[in-house]
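Down below is the structure, laid out as structure tokens.
The structure displayed is predicted, hence computed values, not measured ones. Here, residue 1 is the first one in the sequence, and each next residue gets the next number.
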Amino acid sequence: MQLLPLLGRLLKDDDVINILDGMEMDVIYDFDRLHEGQPDTYWAASQEAGIQLSFDAAQTLDTIFLYITPSDGFAAFSQRDCDVPFFMTTAEVQAFGEAQHLQVSKGRADFLGVSRDWLRLGFGAYSVHYEFRAGSLALITVSRSEH
């Protein structure tokens with residue numbers, strides 16, 4: 001599945017629509033109900049396929065979430081034929097980033113009682129954030145860099 005070329009594309013782009021239709025994703029409009037000045041967002045998810053898409057107020061694909069281990073009602077995403085690089089350990093992410101001369105950021109956070117190690121690789125137009133829980137890759141977040 002070619003996901004990276006979809007970043008920055010509009011919700012109504014034919015390639016985006018093909019993904020939405022192919023995975024039977026409904027688009028949810030999340031607007032600023034409380035009048036807090038928050039931008040509107042559009043969400044599309046397939047819990048069965050382990051993927052969630054976020055579109056900004058201009059309906060541009062901004063973020064892709066890939067659930068590598070089942071979590072929050074999402075099944076595991078199939079890594080087969082995906083253009084997003086997958087790694088089994090934080091050391092592999094670090095080594096890949098250094099070998100490719102990418103911007104590498106890393107850290108650790110405790111959120112809701114769960115310790116999470118993360119590494120982010122900056123590819124220029126986008127970044128890939130790898131989240132590890134208990135030493136296993138749990139979630140990949142691909143985000144557009146340009147806003």
Side-chain angles (χ1 to χ4, degrees), residues 1-31 33 38-97 99-100 102-147:
M1 176 181 309
Q2 300 297 304
L3 296 172
L4 296 175
L6 299 178
L7 284 171
R9 298 251 186 116
L10 294 174
L11 177 62
K12 295 179 183 175
D13 181 279
D14 288 338
D15 292 331
V16 174
I17 289 173
N18 287 338
I19 294 287
L20 297 173
D21 287 346
M23 293 189 179
E24 299 179 5
M25 292 186 195
D26 290 327
V27 177
I28 311 268
Y29 174 48
D30 186 10
F31 63 94
R33 286 181 169 84
Q38 296 296 316
D40 297 342
T41 307
Y42 300 82
W43 296 93
S46 171
Q47 290 188 307
E48 299 82 21
I51 185 171
Q52 185 173 32
L53 308 175
S54 173
F55 298 84
D56 65 15
Q59 298 184 2
T60 302
L61 181 56
D62 196 44
T63 309
I64 301 168
F65 301 92
L66 305 175
Y67 292 82
I68 307 308
T69 57
S71 175
D72 301 324
F74 286 87
F77 178 79
S78 173
Q79 302 172 25
R80 185 184 39 167
D81 299 327
C82 184
D83 61 345
V84 177
F86 289 79
F87 303 98
M88 300 306 293
T89 67
T90 57
E92 287 178 4
V93 178
Q94 179 86 33
F96 176 83
Q100 298 297 315
L102 301 173
Q103 179 183 2
V104 179
S105 306
K106 60 183 175 177
R108 168 174 275 167
D110 289 316
F111 184 67
L112 299 175
V114 177
S115 179
R116 303 157 194 255
D117 293 305
W118 59 266
L119 284 97
R120 180 179 299 118
L121 300 179
F123 287 87
Y126 64 94
S127 65
V128 182
H129 183 275
Y130 298 90
E131 181 180 307
F132 291 82
R133 298 178 199 155
S136 296
L137 182 60
L139 179 67
I140 296 176
T141 306
V142 184
S143 303
R144 271 190 326 138
S145 297
E146 64 224 46
H147 291 288

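Under the side chain to side chain contact (heavy atoms under 4.5 Å, CB included) criterion, Q103 pairs with S105, sequence neighbours left out. Annotation: ring-ring contact (aromatic ring centres under 6.0 Å, His included) contacts of F86 (sequence neighbours excluded): none. Applying the side chain to side chain contact (heavy atoms under 4.5 Å, CB included) criterion to F31, with sequence neighbours excluded, gives Y29, R33, D40. Scored by the salt bridge (Lys or Arg N to Asp or Glu O under 4.0 Å) test, R80 finds no partners at all (sequence neighbours excluded). Take Y126 and apply the ring-ring contact (aromatic ring centres under 6.0 Å, His included) test, not counting sequence neighbours, and it matches F123. Under the rule for a side chain to side chain donor-acceptor pair (under 3.5 Å), the partners of E131 that lie at least two apart in sequence or sit in another chain are R116, R133. The side chain to side chain contact (heavy atoms under 4.5 Å, CB included) check on Q2 picks up P5, D83, with sequence neighbours excluded. Scored by the side chain to side chain contact (heavy atoms under 4.5 Å, CB included) test, A58 finds D56, T60 as partners (sequence neighbours excluded).
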*Would V84 and V142 count as a side chain to side chain contact (heavy atoms under 4.5 Å, CB included) if you check the C-alpha gap in whole Å, the side-chain angles of each, and the deciding distance to 0.1 Å?*
CA-CA 8 Å; V84 177; V142 184; 4.1 Å; yes
*Would you sort out whether V93 and F132 count as a side chain to side chain contact (heavy atoms under 4.5 Å, CB included), showing the intermediate values?*
CA-CA 11 Å; V93 178; F132 291 82; 4.0 Å; yes
_side chain to side chain contact (heavy atoms under 4.5 Å, CB included) for D13 and L61? Distances and angles first, verdict last._
CA-CA 10 Å; D13 181 279; L61 181 56; over 6 Å; no
*Let me see the working for L53 and M25 under side chain to side chain contact (heavy atoms under 4.5 Å, CB included), right down to the final yes or no.*
CA-CA 10 Å; L53 308 175; M25 292 186 195; 4.1 Å; yes
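When every heavy atom of I140 is checked against every heavy atom of P85, the shortest pair comes out as CD1-O, 4.2 Å. Smallest separation of non-hydrogen atoms from A44 and V27: CB-CG2, 4.4 Å. Contact detail for L3 and C82: the closest heavy-atom pair is CD1-SG, 4.0 Å.
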Name every donor-acceptor pair, under 3.5 Å, that has one atom in a side chain of residues 15-24 and the other anywhere in the protein, sequence neighbours excluded.
from: D15; atom 1: OD2; to: R9; atom 2: NH1; distance (Å): 2.6
from: N18; atom 1: ND2; to: D14; atom 2: O; distance (Å): 3.3

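Taking CG of L102 as the start and CD of Q94 as the end, the distance is 11.0 Å to the nearest 0.5 Å. The distance from the CD atom of Q59 to the OH atom of Y42 is 4.0 Å, given to the nearest 0.5 Å. Between I64 atom CD1 and L4 atom CG the span is 6.5 Å, to the nearest 0.5 Å. Here the CG atom belonging to D117 is positioned 11.0 Å from the OG1 atom belonging to T89, to the nearest 0.5 angstrom. The line from CZ of R144 to OG of S127 is 11.5 Å long, rounded to the nearest 0.5 Å. How far CH2 of W118 is from CG of L139: 13.5 Å, rounded to the nearest 0.5 Å.
Looking at Y130 and L121, their side chains come closer than 4.5 Å, going by heavy atoms from C-beta outward. Residues L66 and Q79 have side chains not in contact (no heavy-atom distance under 4.5 Å, counting atoms from C-beta outward).
A ring pair (Phe, Tyr, Trp, His ring centres under 6.0 Å) check over residues 49-83, counting only residues at least two apart or in different chains, returns the pairs Y67-F74. Residues in residues 84-97 take part in no salt bridge (Lys or Arg N to Asp or Glu O under 4.0 Å) pair, two or more places apart or across chains.
Between the side chain of S145 and the main chain of G124, a donor-acceptor pair closer than 3.5 Å is present.
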